[in-house]
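For reference, the structure discussed in these notes is given below.
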Amino acid sequence: MHVDITQEGSHVVVSPMGDLDFTTRDVLESEIRRILNQEALRIVLDLEQVRFIDSSGVAGLLACCEDATLAGVTVRIRNVAPELMEIFDLIGVRSVLPFE
Amino acid sequence: MARAEHMADEGTAPVPYVICCEGLHLETAPGTESGAGEPFPVELSAAVTETLFQLHGREVSGPVMVKVSDICIHGHALGKKGYLVCIFPGADAGAAYRCYAAGLAQLTNGRVQLVTHDRFPGRPLPERVLLQGPVATPQQARDIFVRFKTLVTASLPAKKALFFRLACAELAANTLRHGKHGRMAIYGHEQGLVILAEDRGPGIPLHLLPSSLLVVGYSTVTGSLGAGYPTIIQLSESLTIATGCQGTSILAFLK
């Protein structure tokens with residue numbers, strides 16, 4: 001998995017590319033932690049390039065949100081593909097994820 | 001299970017039933033040691049008995065599972081979502097296993113079958129194996145998962161392939177996380193696929209099985225969502241599991 005980081009005004013846009021699963025969640029989490037050390041105010045997680053996620057990937061997303069909240073940073077998730085939404089529904093986490 | 005065996009070894013007199021609940025333990029007969037886990041509070045034991053009476057009537061003879069959230073103390077629900085209680089007669093390991101098997105089958109309309117390792121279905125016929133390999137390191141798990149993706153995306157409709165991949169990812173992650181000497185094999189079966197995942201880890205303690213398998217958010221591992229097994233079960237037509245001190249074997253039928 002590759003993670004693209006761009007600045008959009010005062011927001012940091014984090015765009016993971018590839019599958020977000022038990023083998024790749026660490027990549028995203030360490031990227032988020034790195035950004036949190038740089039005093040960002042708001043992180044936008046853009047999932048447009050993610051086509052697959054498993055429960056480990058979901059746990060990774062939730063861990064990112066928790067780390068950010070602890071650091072006083074807001075996280076919003078956007079551009080979720082329909083197939084990802086189906087998996088969120090199946091796992092039962094749609095209502096706890098902070099969509100934009 | 002280790003505990004039940006221990007009791008059987010010591011020749012402890014059989015107890016009417018044992019109630020297990022998330023490591024809390026209650027023996028309804030006095031004089032039996034309480035073993036691992038915290039002692040079951042007397043008040044809670046009365047509440048469990050009351051709940052059983054309400055749900056099943058006075059005569060509880062077979063295995064029964066109860067959601068802890070159904071249990072009330074002084075009119076107030078315990079509120080612990082999804083926790084389950086299993087009751088089984090006697091204290092020998094075989095009886096406990098059989099009762100958990102019946103309980104799991106009952107809770108899942110027969111889709112989850114708990115069997116002992118000697119009853120676990122045999123290895124797939126070599127000609128039916130589509131791919132297989134060890135899952136002992138993250139790289140090996142990734143390798144199986146990537147090969148599985150190629151297999152299903154080429155041969156199945158998109159949505160089916162997506163859900164099959166999800167089942168494979170959850171099984172691979174579990175095998176890697178909980179087990180030693182993990183292995184997975186995927187083979188063709190009628191109109192579907194079967195995933196076999198085996199490890200030689202410590203196994204899942206019986207009293208944690210219902211919650212681990214069926215309750216989303218229940219996990220013994222930090223940083224895990226606790227959705228792995230429930231997701232696998234949702235995605236499986238049927239699932240056979242054997243677990244114990246020799247490890248855990250899972251056979252998931254996907255259709």
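In the text below, chain A, chain B and the rest are named by the order of the sequence lines, each starting its count at 1.
Comment: B/K159 does not engage A/E83 in a salt bridge, judged by the lack of any side-chain N to carboxylate O separation of less than 4.0 angstrom. The pair A/D19-B/R165 meets the salt-bridge criterion, with a side-chain N (NZ, NE, NH1 or NH2) lying under 4.0 Å from an Asp/Glu carboxylate O.
For A/D54, the parts lying under 4.5 angstrom from a heavy atom of chain B are both the backbone and the side chain. For A/R25, the part lying under 4.5 angstrom from a heavy atom of chain B is the side chain only. Contact annotation for A/I53: only backbone heavy atoms (N, CA, C, O) come within less than 4.5 Å of a heavy atom of chain B. The parts of B/A172 that come within reach of chain A are both its backbone and its side chain, each placing non-hydrogen atoms under 4.5 angstrom from that chain.
Across every non-hydrogen atom of B/F163 and A/I87, the tightest pair is CE2-CG1, 4.5 Å.
Between the CG atom in B/D143 and the OG1 atom in A/T23 there is a gap of 11.0 Å [rounded to 0.5 Å]. Atom OG in A/S56 sits 8.0 Å away from atom CG in B/N174 (nearest 0.5 Å). Atoms CD and CD1, from B/Q234 and A/I91 in turn, are 9.0 Å apart once rounded to the nearest 0.5 Å.
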Check: Are B/L162 and A/R51 close enough, and set up right, to give a side-chain contact (heavy atoms from CB on, under 4.5 Å), and what steps lead you there?
Finding: CA-CA 9 Å; B/L162 182 78; A/R51 287 287 179 273; over 6 Å; no

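Contacts with chain A were tallied for B/A169, B/P230, B/A167; B/A169 has the most, counting heavy-atom pairs under 4.5 Å.
Heavy-atom contacts from other residues, nucleotides or ligands closer than 6.0 Å to CZ of A/R34 number more than 12.
Contacts with chain A (heavy atom to heavy atom, under 4.5 Å) involve these residues of residues 144-158 of chain B, listed by number: B/F145, B/K149.
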